[in-house]
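Have a look at the structure below, then the notes.
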Amino acid sequence: AAGVIQSPRHLIKEKRETATLKCYPIPRHDTVYWYQQGPGQDPQFLISFYEKMQSDKGSIPDRFSAQQFSDYHSELNMSSLELGDSALYFCASSLGGAGGRESDTQYFGPGTRLTVL
Amino acid sequence: AQKVTQAQTEISVVEKEDVTLDCVYETRDTTYYLFWYKQPPSGELVFLIRRNSFDEQNEISGRYSWNFQKSTSSFNFTITASQVVDSAVYFCAHTYGGSQGNLIFGKGTKLSVKP
């Protein structure tokens, strides 16, 4: 079965640079979530989109922005990168409430490992 | 506030032992979901199970079983006859139901299964 696709898988940037992470949800899924996982930490929710509109916002820095496009893929844009932004970034997707038994279960992509030097 | 507590930080067992991972949650919602995810050393997050707040039926899937008890706000996970491939960090997570709610994770339990 098709899974969530994230690109790139690994990214190395310098301080103050920008980065763009991409996420392609499972086909038919209408909701996308972004999470950040620091070393040895649990994933922390950043932001989510439902039907291309922002649906919820967590602890996302103002330097970060995200959007969901008409084909449901999503991009997380990160500017003025700091050393503390080094982490594993996960995208997850789910089928909205009308999806029946499988709705609202979040399936995660493999993650993008961002290293800021 | 919503919170998930996994009191066991690390567990080490020998292959073929049974092991139970504990999860306690706090919520004010009447409708919510509980999840378990597995994160092997390769880093991906693998969905294992979802339980709805209105469904307290326990579930068994092969060597895995889950015990959901609303009276004690617990959702424990048991691996029977553990194998080396079960070595991973296991996260219990919670979200409120029906509104694309974000996941709130516990701190995770690192399980090491030794041959």
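We name chains A, B, ... by the order of the sequence lines, and we start the count at 1 in each one. Worth saying up front: this structure is predicted, and the values here are computed from it rather than measured.
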Seminar exercise, completed: B/Thr9 meets the side chain to side chain contact (heavy atoms under 4.5 Å, CB included) criterion, sequence neighbours left out, with none
Exercise. Are there more than 12 heavy atoms of other residues, nucleotides or ligands under 6.0 Å from atom NZ of B/Lys110?
Worked result: no
Exercise. With a cut-off of 6.0 Å (strictly less than), are more than 12 heavy atoms of other residues, nucleotides or ligands near CZ of B/Arg63?
Worked result: yes
For this session: Please name the pair of heavy atoms, one in B/Leu45 and one in A/Pro43, separated by the smallest distance, quoted to 0.1 Å.
Result: CD1-CG, 3.9 Å
Exercise. Taking B/Leu103 as the fixed residue, which of A/Tyr35, A/Tyr33, A/Phe45 is the one that meets the side-chain contact (heavy atoms from CB on, under 4.5 Å) rule?
Worked result: A/Tyr35
Seminar exercise, completed: By side chain to side chain contact (heavy atoms under 4.5 Å, CB included), A/Ile5 pairs with (sequence neighbours left out) A/Tyr24
For this session: Inspect the surroundings of NZ in A/Lys13 and state if more than 12 heavy atoms from other residues, nucleotides or ligands are less than 6.0 Å away.
Result: yes
Problem set entry | Shortest non-hydrogen contact between A/Phe90 and B/Gln39, atoms and distance | CZ-NE2, 3.6 Å
For this session: Report, by ascending residue number, the residues of residues 62-87 of chain A in heavy-atom contact with chain B at a distance under 4.5 Å; give 'none' if the set is empty.
Result: none
Exercise. B/Phe105 versus chain A, heavy atoms under 4.5 Å apart: side chain, backbone, both or neither?
Worked result: both
For this session: Taking atom NZ of A/Lys52 as the centre, report whether more than 12 heavy atoms of other residues, nucleotides or ligands fall under 6.0 Å from it.
Result: yes
Exercise. A/Ile47 and A/Tyr107: same hydrophobic cluster, using ILVMFWY side-chain contacts below 4.5 Å?
Worked result: no
Exercise. Looking at residues at least two apart in the chain, or sitting in another chain, which of them share a side chain to side chain contact (heavy atoms under 4.5 Å, CB included) with B/Val84?
Worked result: B/Glu15, B/Pro115
Exercise. Considering residues, nucleotides and ligands other than B/Lys70, do more than 12 of their heavy atoms fall under 6.0 Å from its NZ?
Worked result: yes
For this session: Check whether any side-chain N or O of B/Tyr37 sits under 3.5 Å from a backbone N or O of A/Phe108 as a donor-acceptor pair, and report yes or no.
Result: no
For this session: Locate the shortest heavy-atom distance separating A/Gln37 from B/Phe91; write the atom from each residue and the value.
Result: NE2-CZ, 3.6 Å
